[in-house]
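Everything below concerns the one structure shown next.
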There are 2 protein chains.
Amino acid sequence: MARRTGSNGAQTAETLRRAALTLFARHGYAAVSMRMIAAEVGVQPGALYNYMGSKQDLLRDLMVSHMEELLAAWTARAPDPDPDPVVALRAFVRFHIRHHIGREDAVFISYMELRNLEPDNFAAVHALRGAYESALRVILEDGAAQGVLHAPDAPVATRAIISMLTGVTNWFRGSGRLSADDIEDIYTDMTLRAVSPTAKGAIHQGEDPCSTHP
Amino acid sequence: MARRTGSNGAQTAETLRRAALTLFARHGYAAVSMRMIAAEVGVQPGALYNYMGSKQDLLRDLMVSHMEELLAAWTARAPDPDPDPVVALRAFVRFHIRHHIGREDAVFISYMELRNLEPDNFAAVHALRGAYESALRVILEDGAAQGVLHAPDAPVATRAIISMLTGVTNWFRGSGRLSADDIEDIYTDMTLRAVSPTAKGAIHQGEDPCSTHP
DNA sequence: GTCTATAAGGGGATAGAC
DNA sequence: GTCTATCCCCTTATAGAC
């Protein structure tokens, strides 16, 4: 693409962020060159440095922005968490699925490129992730304390649920047989069952022929 | 490391595979240079080409080997699947967790570096992954047909469960307060509950047709 | 089987003109 | 704000000596 007459800085900056997000998700941070980004944006490589300090700064900004947006959206969605942990959990699951569908690139980058962040940048992103996950953990802890949820180990259950929910971005594309609402329903159902105190437990089922403990 | 007297080809080949697995997992395929691998193996960069055709061949071999090993282990573990889907599901969950703990590097590479595989290599790995996931899907379908499992959408439930289980490799390291056995127990419990027909459903809240407690 | 040396090309980032 | 040109370094892979 050649330089377009009338292009301005703010527009180019946003185009740059979107191009980098797509390219990093598709090929990986290390595999994407400044020349590739410049070609996608439609400027010469050197011009990119009007909008970013370095390639690392660009990665950090994309990841921090994603996490801050996620936290802000959850805070706006549930400024006053429902006192019923079951209701709060259902709200969290629907929010998480809904927020992540359509942000597949940012989600993928936020998991895969952690290793390419320099230590200070990693610490910042890691702290934001911890803040978000603690919202779910507190719901599970409250539910367990009240006896309305079954979560003997809340930290582990938190990670298990987050992994299950976020995994939807690995395959769901919205163009298949299921709508985003269908997905929300299925995952909400599975999550609520997974921590339901009325479900059949898995461990106390008599003999376990599957145990492979040596 | 300098060349060691008495080193031989087979030993170097295995050292190369292990070094590449660790480095690819830690820094990413694109960020790892042949020089880094050679330094880790203890040879000069050019000598690596006695053991591999190219860097891409090395990545494909690592990923295909991981998937083939996984499939072979499951086939050996359950050559004759239990006719009771609940028992079969419990066996699958325990197998999956147990097999993946200790293989964090291979698991991470198998998910993160799919995008760096050339089309033919990607197709091969993708097919192997599909074969493995179908083992779980069939269990869920059988269980739903018999009414002993709740899985209204078996393909989606399969992906949700695999994501939840594999997610354990993102954080579990064995040196914390929980043992691998503890993790197996927790995830087996959550998975069985998630597809239990006796759990409280998530969508029709307020009614609880299956509660065992008044 | 491993070494040294090198080919051929791409990498991030900067300088200075306009 | 964007361009052209460039610095200096690293990349994968190969050639040929030993």
Side-chain angles (χ1 to χ4, degrees), chain A residues 1-24 26-63 109 113 115-121, chain B residues 1-21 23-24 26-63 109 113 115-118 120-121:
Chain A
M1 235 186 289
R3 178 178 182 272
R4 294 163 302 172
T5 309
S7 64
N8 60 65
Q11 193 178 22
T12 303
E14 180 57 20
T15 305
L16 165 59
R17 288 171 59 87
R18 292 194 174 277
L21 191 75
T22 303
L23 288 171
F24 287 168
R26 185 167 310 169
H27 306 288
Y29 172 77
V32 173
S33 69
M34 301 306 294
R35 286 166 176 79
M36 288 169 66
I37 300 174
E40 192 72 19
V41 172
V43 298
Q44 294 301 310
L48 295 177
Y49 290 86
N50 290 318
Y51 305 97
M52 28 158 277
S54 68
K55 193 185 175 188
Q56 172 73 200
D57 289 344
L58 182 54
L59 178 62
R60 183 205 54 215
D61 287 348
L62 291 175
M63 294 179 72
I109 289 173
E113 304 300 353
R115 61 192 175 184
N116 283 313
L117 286 173
E118 289 164 8
D120 286 358
N121 297 338
Chain B
M1 232 185 289
R3 177 176 181 273
R4 292 164 304 171
T5 310
S7 63
N8 60 63
Q11 193 176 24
T12 304
E14 180 58 21
T15 305
L16 165 59
R17 288 172 58 87
R18 292 193 175 279
L21 190 76
L23 288 171
F24 287 168
R26 186 166 310 168
H27 306 288
Y29 172 78
V32 173
S33 69
M34 301 307 293
R35 283 170 176 76
M36 289 169 67
I37 299 174
E40 193 72 19
V41 173
V43 299
Q44 293 301 312
L48 295 178
Y49 289 86
N50 291 317
Y51 305 98
M52 30 160 274
S54 68
K55 193 184 176 189
Q56 172 74 199
D57 289 343
L58 182 55
L59 178 62
R60 183 206 53 216
D61 288 347
L62 291 174
M63 293 178 73
I109 288 173
E113 304 299 354
R115 62 192 175 186
N116 283 313
L117 286 174
E118 289 164 7
D120 286 358
N121 297 338

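Proteins come first, then strands; the chains are lettered A, B, ... in the order of their sequence lines, and each starts at number 1.
Distance check, rounded to the nearest 0.5 Å: CE of A:Met34 to CE of A:Met52 gives 3.0 Å. For the atom pair CG (A:Leu117) and CZ (A:Arg60), the distance works out to 9.5 Å, reported to the nearest 0.5 Å. The distance from the CD1 atom of A:Ile37 to the NZ atom of A:Lys55 is 6.5 Å, given to the nearest 0.5 Å.
Between B:Gln44 and the phosphate of C:dT4, there is a side-chain N or O to OP1/OP2 separation shorter than 4.0 Å. Close to D:dG1, at under 4.0 Å from its OP1 or OP2, lies no side-chain N or O of A:Thr12.
By the side chain to side chain donor-acceptor pair (under 3.5 Å) test, B:Glu118 pairs with no residue at all, sequence neighbours left out.
At whole-Å resolution of the value, CG in B:Leu48 and P in C:dT2 are 10 Å apart. As rounded to whole Å, 15 Å separates atom C1' of D:dT12 from atom CG of B:Leu59. Atom CD of A:Gln11 and atom P of D:dT2 are 10 Å apart (whole Å). Between the CG atom of A:Asn50 and the P atom of C:dA13 there is a distance of 14 Å, rounded to whole Å. When the C1' atom of D:dA13 is taken as reference, atom CG of B:Asp57 falls 12 Å away, rounded to whole Å. Atoms CD1 (A:Ile37) and C1' (C:dA13) sit 13 Å apart, rounded to a whole Å.
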What string of B, S and - do you get for nucleotides 6-12 of chain C 5' to 3' if you count protein non-hydrogen atoms under 4.0 Å? -----BB
Close N or O pairs between protein and nucleotides 16-18 of chain D (under 3.5 Å):
none

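The backbone N or O of B:Ala47 lies less than 3.5 Å from a partner atom in the side chain of B:Asn50, making a donor-acceptor pair. When atom types are taken as modelled, the side chain of B:Gln56 and the backbone of B:Asn116 share a donor-acceptor pair closer than 3.5 angstrom. Side-chain atoms of B:Tyr29 do not come within 3.5 Å of backbone N or O of B:Ile109 as any donor-acceptor pair.
Side-chain atoms of B:Glu14 and B:Arg18, non-hydrogen and from C-beta on, do get closer than 4.5 Å to each other. Side-chain contact check for B:Val43 versus B:Leu16: every heavy-atom pair is 4.5 Å or farther apart.
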